[in-house]
Each structure stands twice: as structure tokens, then as C-alpha cells.
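A short write-up of the structure that comes next.
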Amino acid sequence: MSDLGDFSDFEPDDDGDASEPTDDTAMADDPGDRATDEFEELSVSPVGRDRGVGTLSAAEGLSIGEDEDETRIRAYVTVKNRSDVRVGSYLVADYPDGERLFCRIVTLEYAQEFRADDATEIHARRAMRSDGIDEADYKFMASLEPVAVLYEDGGELKRRMADRVPKPETVVRQAEDKTEVKTGLKVPEEGVFLGHLAVGGEKVQTAAEPPTVDYRLKDDYDSGDPLVFRHTLVAGGTGSGKTHASKNILRQYLGRTYEMSDGRTPGVAVVQFDPQDEYAQMHDDGDYSPEFARRIEREGVKHGGHADTKAFVPVVGDSTYAASHHRAEQVEFTVPFSMVRSRPWLVAGGGLNDNQYPALQQLLDRFFRQHGDDGTYEQFRSFLDDPALREELHESGRVHEATYDAVKRKTYGFGAVFDQNAPPITDLVHEFVRPGGLTTVPTYHVNDSRKTTTVVLALASLLVDEKLSNDPRFDRVKETPLVLGMDEAHNFLTDADSVQARKVIGKFSEAAKQGRKERLGLFLITQDPQDIADPVFKQVNTTVVLNLGDEDAIKSVNIPASLEGKVPYFEKGQMAVYSPDNSEPVEVVGLPNCLTRHGRD
């Protein structure tokens, strides 16, 4: 079979009848006749100027319904605009009466303009040899998801659910008005700055100055409680920029004030548990240009080191703390064993079961009745070494001797944690929690995970207990709005089948539920969100998700599918923000510079 190719080199045969002139060709050879066959070319220009990116099409239906399946809105995108639109871009279609339909592109599709099959050898080889594609041969269709109807009310732009269908051939345009974009996505005008709205990693551009659209979290009482007290989760893998982003967010809270139940408006205190010793650097200025500083100042973004930053360093055994990477004041402390009196689970980390835990409580009660709050861990160990006590409790039937031995064995090994050579944290609470201050608790120098967990949970539970108490021991904690930050939160708030884990999760779950009333906000940072216990996770209202590569981790953060698929492809600083009480689910790009010092030389 001969190869016909694509006919691009076809020439008529020079032999045979094809070369013999006919009467018709002879007539066509007459110069006068040739002139009449040629068309005169005219230079024409279309009247007016194109607006928008295209128009709505009713060719396959144009509808808005209560169910997603009943909604169908498609727009034809003109040739010159096709390279500028992206899935996720925001478009606006105007109604004749001045209302506007705010939409998001969910699908982009090429459709054939003419009935032809371009999946052929001829078409393919012709395209392979040509320099470009004739876009005019194809329709470029955008499927739109209606987000809201925008309307004017008393000179203010407001939004409502999409409840009316636009007319066919309505011009659709890029959303280039900042107020339109913010209102369409329900983003507050004021609040805590997180970054700039983006689509596919590129910032949304408007006709305003600056052209970017700032994304903020509600932080006032006009429409409910500030979102900081409804808790925040920042999730991201190694190298995703979650510490950078977390520092920038926390920097915005420092210096903010909140109204308490008694009418006072003290500054918020931030206590950040810091396993990698990175947050004390927030005392020092960041490394960025004056131009960058001026630009973010125009957007009301706080920046620069926070002078009231202190690193509370736990003294644990022979561990030593060195901090040449920050200039924050360092305060050493120890955890007094007296804290265990109301928190027996602090020494139940060895895996006490439900039968052994009541025995531990009974032994601790008896110990503290004898020694008072001055009783130490070493004295408790000596107390357990008394064979007469073991025999007495066994014979009385209160604690079986095997259970006694298990408690004694599983509470061993905490000597390096309690009652070290430093002031007890209970004597430093007034300094530990400071209105307007940042306190970090570095544990990088503690090279034992069990000891680290005990220290973090002792301090965190102290703060939570004081916040929830109706008769607090430390009024400073009760009367100060508090953000409790916890990096590597999955190590401390994991859902495990142990007495300690259940007690901790129960405590923090209750704290999360009462956060709005008590002015307590949890700020959890993790690379393994799937390991955080559900009772705590379910209380989180704002989820900030940076790059995550683990499928289980992505599924666990419960963000909409439209954002979920983007997460593995996020570059450093890109994030999905899901905060139902604040805005529609959106993509945000954080600031390229850390607003305080970040990284070690």
C-alpha cells in the first residue's frame, strides 16, 4: 500500500490528458478573465473593543439549581484570552440589574468547532510539521462553579447564595476588583494576616494598589468570637515552610488585645512549646529589605523582632542548653513533683493500665498527706520502697502486691525531670504568662522523649487547668487571653490506648471546647496531622495546610477536594486555608520573608 502522506507535496501529473488544454482552461488563460477571478482584499477593523474573557453559552444548557448536579454554567473563552485563564480562577458575570454572579473556574475544555475527526494520521502529521495551532478551529469552554451573588445594600457590597441564573451571552470577566473578590469569598477586610490569595501558586491580581488580595482571619467580636480562640492547625511536611508560616502568623497576634468577661482588654500572651528551639528567634529582627518592610506596613502587617520574648528552659538531669542563635532572655525552671498531686498521669507514662492507675492515685494521695506539697520525687521513690506499706495495702485488699510492684516499676525513671536545681515553674507563673509577651519552652536539649513529654504536658496542663478552673490558684493565667502553641503536636496529643494519653486528650478536648469562653486558643503545628486525636482535632476551626506528601495525612485534614488535590504540588509557602467560619476554602501564598529571625547560620 502506498503512503499518501498528508498531501502537503501534491502536484498535478504532467502527463496525459491533464496537460491538454480544454475550452474552459483556454478561456481561463485569457488575462482579462484571470483578473475577474481575483478578489480584492479590504482592510477592516471590528467596531468597539472586546470586554472580559468571553461569554456565557446556553448551547448545552445554562442553569443554577439547589443541587450541584442541577447547575450548569459554561463560558466560551475567546482566543486571545485562553492562555490567561486557569482552573481555580475567579470570574464575574453581571446581571442586567447590577447584581453580579461570582464564579470559580472548575474545568477548562477544548471542544471541536466543526464536525471533524482530528485524531487521524493526516491531522497529526500536518500538526507535527506546522509552527502553531489554529485556535479558531476549536471552542475553548470554561465550566464555572457559582460561589455567590454580589449585590449592593446601602452602599455596601454584600453576598448571598447563588439563587438566579445569568442570561446567555453575558460577558464574563476576571474578578479584578479587590472588594468584589473579598466579598465573593467572604474574606474579612480586617483581621490577622496570613498571606495573599492565589490560584495555582500565582497571586490573584486586581486593579487596586497593591494589586494583591490579603487574606485575614476574623479577630473581633462583631460576628462571633475571634477565630484564634476557636483554634488553629498548621500542617506541613519537612521543608514545606510551616515554621516560617507559623512564626509569621504568631507575630500578628503579639500586641493584639482581647476583651475578657470582666470588660478588661489585656494583650494576648503566647506560650509556644518548641522541640526544635526555633521560636525564641522571634525576639530578633528578620532579614529583609526596607522596601519589603514598607510594602507590608502599607498592608498593616506587623514585623520585626518582639522584645518581650523569653525562653523558659527546663533543667532536666545533666542536659545543657546553648543558644547562640537568638538573643531572648533565658529563664531556667524545674517541674516540682507537687504538680503530680493533681495530675497522677504525669508519672504514668510507663504504660499503667486501668487497674494500676487507681493504685497509683491511692499511693500518691497517701504520700502527699504525709509529706505535703514539699514532697519530692526521690521521697516518693523511698516511700514506695517500704515493704511494710506494700504488705499493709495487700493485706487490707486495697492494692494487690502485683499491682503495687507494677506501679513501683512503671513510675521509675523520672528523677531527672522533677525537683532539679532551678526555681519551680509554679513560682514563675507570673513571669511565664505575660500579657503581650511571648514565652517559648525549648526542649531540643532534652535527649529523652519520655522526659520531654512529661515537661511539656506538665506545663500545658498547668495552663489548661488554670484556665478551666472556677477557683484558680494563679489569677494571672485565668485573667490573660492565651494562645497555647505546640510544635510537633502529634507527639503530645496522640490518640493512644494508655491512661496518660486518655487523660491528656480528655483535658485538651475540654480546653478546646471552652476556649471561646475562657479566651484560650490552641495553635497546633504538625507534620503528622493524622496522629492527633479526633476529640481535639474536631474542635479546630482553622486549618492551614502546606505541602504534604503522605496520602493519609492529606485525607486527615478534611479539606475540600478542590484543594486536597493541590496539596502534594504546593511549593514552599503555598497553603490551603480551610476556615468555614471565616471564608470560602482558598489557596494562599505566604510572605516570602520571615517577619522575624529564622534559620541558623
H430 side chain to R476 side chain, donor-acceptor N/O pair below 3.5 angstrom: yes
Test item: side-chain donor near acceptor, H303 and Y288, under 3.5 Å: yes
CA sep, side-chain torsions, deciding dist, call: F368, F337, ring pair (Phe, Tyr, Trp, His ring centres under 6.0 Å): CA-CA 10 Å; F368 281 113; F337 189 66; 5.7 Å; yes
Salt bridge flag under 4.0 Å for residues E190 and R216: no
R341/D365 salt bridge by N-O under 4.0 Å criterion: no
salt_bridge(D465, R343) N-O dist < 4.0 Å: yes
Worked verdict on H371 versus F367 for ring pair (Phe, Tyr, Trp, His ring centres under 6.0 Å): CA-CA 6 Å; H371 293 81; F367 170 77; 4.4 Å; yes
N-O pairing of D225 and R230 below 4.0 Å: no
Flag for T439-R434: side-chain donor and acceptor within less than 3.5 Å: yes
Check: L520 main-chain N/O paired with K467 side-chain donor or acceptor under 3.5 Å: no
Cation-aromatic face contact R450/F414, 6.0 Å, 45 degrees: yes
Distance-only side-chain donor-acceptor flag, E488 / N491, under 3.5 Å: yes
Short side-chain to backbone donor-acceptor contact, T443 and V446, under 3.5 Å: no
Ring pair (Phe, Tyr, Trp, His ring centres under 6.0 Å) evaluation trace for Y258 with F229: CA-CA 10 Å; Y258 297 95; F229 302 125; 5.0 Å; yes
R381 and T411: side chain donor to acceptor below 3.5 Å: yes
